[in-house]
Amino acid sequence: MPEGHTIHRLARDHHKWFGGSVVSVASPQGRFSEGADRLDGLKFKRATAHGKHLFYEFVDDGTKGLWVHIHLGLFGRFRKRKLPPQTPGQNTRMRLMNDKRCVDLSGPTRCEVLTHRGRKDVVHRLGPDPLLDEFDAEHFIASLSKRRSAIGAILLDQSAVAGIGNVYRSELLFQHRLDPFTPANQLSEDTLAALWDTAVDWLHIGVQTNRIITRFDGGSPRALPKRERLMVYKKRFCIACDEPITVSTQRQRTLYHCPRCQVARV
DNA sequence: TTTTTATGGTCAC
DNA sequence: TGACCCTAAAAAT
């Protein structure tokens, strides 16, 4: 589930459900007890997202800031619970609740309390986020023009672009018929700009629909059957030329690409 | 029933 | 490069 669109959607939903309200925070699992004890009963100010990082700001009397930082990693997941909720399961890291809503978080890579400074440190390590900086293609282009690593590797590097994950990577490369192993600095500004624009479009659609969709045959994206929402990720044959899709590993993640359509180019 | 896989990331060597 | 963290569901047996 979690690429950037998921996190931004969570921020949007959680802000709507909890923003401005007094919340109860608990850690049934115990691994976030310290944070939960500190936040329980405070006012939830807002939820924001940057790349794959979710942040909650709480109202606090000090000046250092009071934030929760959540990173879902590969397994992290939020589940909505109806009120009144049942006793949480053993793996519930955090339960967040007010008088109208309840969500349970399980399996995150990170769930921690941070100060303003701590949050800034996290965000500072991230590159531009197509969902936050959509008009900042320049920044992305300038950064990638300097990098010699393969474009397929760079798309997963959160310090280059924040929010793109393994599915969007393969799909973006296919959309632009790029060989994943082309060094980024060999790509033209036009190509990089086109990549960025596609990322902006797709991620917005992802937030809107709460799913990854990269294939559109007219009509509303949501109408497409699940199997037809992607072009190359986990496909066996190329939708354009019928050639078998190559499955490989790049930056420790499974990469799907068409060896015939995706050729190196500028 | 067991094993593998997954839309992620960090750290040590 | 590999070990490891975390959870759940799909796939293999």
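What's counted below: heavy atoms across the whole structure, side chains too, no hydrogens, waters or symmetry copies. Numbers restart at 1 for each chain; the letters A, B, ... are given by sequence-line order, proteins then strands.
At a threshold of 4.0 Å, the pair A/Arg79-A/Asp104 does not count as salt-bridged, since none of the basic side-chain nitrogens sits closer than that to a carboxylate oxygen. Between A/Asp13 and A/Arg9 there is a salt bridge, with a side-chain nitrogen of the basic residue lying less than 4.0 Å from a carboxylate oxygen of the acidic one. Under the 4.0 Å criterion applied to side-chain N and carboxylate O atoms, A/Asp157 and A/Arg251 are assigned as salt-bridge partners.
Residue A/Arg110 places no side-chain atom within donor-acceptor reach of the base of B/dG9, judged by atom type and a 3.5 Å distance cut-off alone.
Phosphate contact (OP1/OP2 of B/dA6, side-chain N/O of A/Lys234, threshold under 4.0 Å): present. Within the structure, every side-chain polar atom (N or O) of A/His71 is placed at least 4.0 Å from both OP1 and OP2 of B/dG8. Listed pair A/Asn91 / C/dA8 meets the phosphate criterion, a side-chain N or O lying under 4.0 Å from OP1 or OP2. Between A/Arg77 and C/dA9 there is a side-chain N or O to OP1 or OP2 distance below 4.0 Å.
Taking atom CD on A/Glu112 and atom C1' on B/dG9, their separation rounds to 13 Å, with Å as the unit. Between the C1' atom of C/dT7 and the CE atom of A/Met94 lies a distance of 16 Å, rounded to the nearest Å. Taking atom OH of residue A/Tyr168 and atom P of nucleotide B/dA6, one finds them 18 Å apart after rounding to whole Å. Distance, A/Arg251 CZ to C/dT1 C1': 14 Å, rounded to whole Å. Regarding A/His53, its NE2 atom lies at a distance of 12 Å from the P atom of B/dG8, rounded to whole Å. Distance, A/Glu3 CD to B/dA6 P: 13 Å, rounded to whole Å. Rounded to an integer number of Å, the gap from A/Leu74 CG to B/dA6 C1' is 5 Å. Atom P of nucleotide B/dG9 and atom NE2 of A/His50 are separated by 13 Å, given to the nearest angstrom.
Backbone-only engagement by A/Gln29 is indicated by non-hydrogen atom pairs under 4.0 Å involving sugar-phosphate atoms exclusively. Using a 4.0 Å heavy-atom criterion, one finds that A/Arg169 contacts no nucleic acid atom at all. Using a 4.0 Å heavy-atom criterion, one finds that A/Arg79 contacts the sugar-phosphate atoms exclusively. Here A/Gln252 lies in heavy-atom contact (under 4.0 Å) with a base.
With distances taken from any side-chain atom of A/Ser106 to the nucleotides B/dG8, B/dA6, C/dT7, the minimum falls on C/dT7.
Nucleotides C/dA8 and B/dT10 place their P atoms 22 Å apart, quoted to the nearest Å. Rounded to whole Å, the C1' atom of C/dA11 lies 22 Å from the corresponding atom of B/dG8.
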Kindly determine whether A/Gln86 and A/Arg81 satisfy side chain to side chain contact (heavy atoms under 4.5 Å, CB included), including the steps that lead there.
CA-CA 8 Å; A/Gln86 298 209 314; A/Arg81 304 297 190 203; over 6 Å; no
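For A/Arg119 and A/Phe55, the positive end sits near the middle of the six-membered ring, less than 6.0 Å away and at most 45° from its axis.
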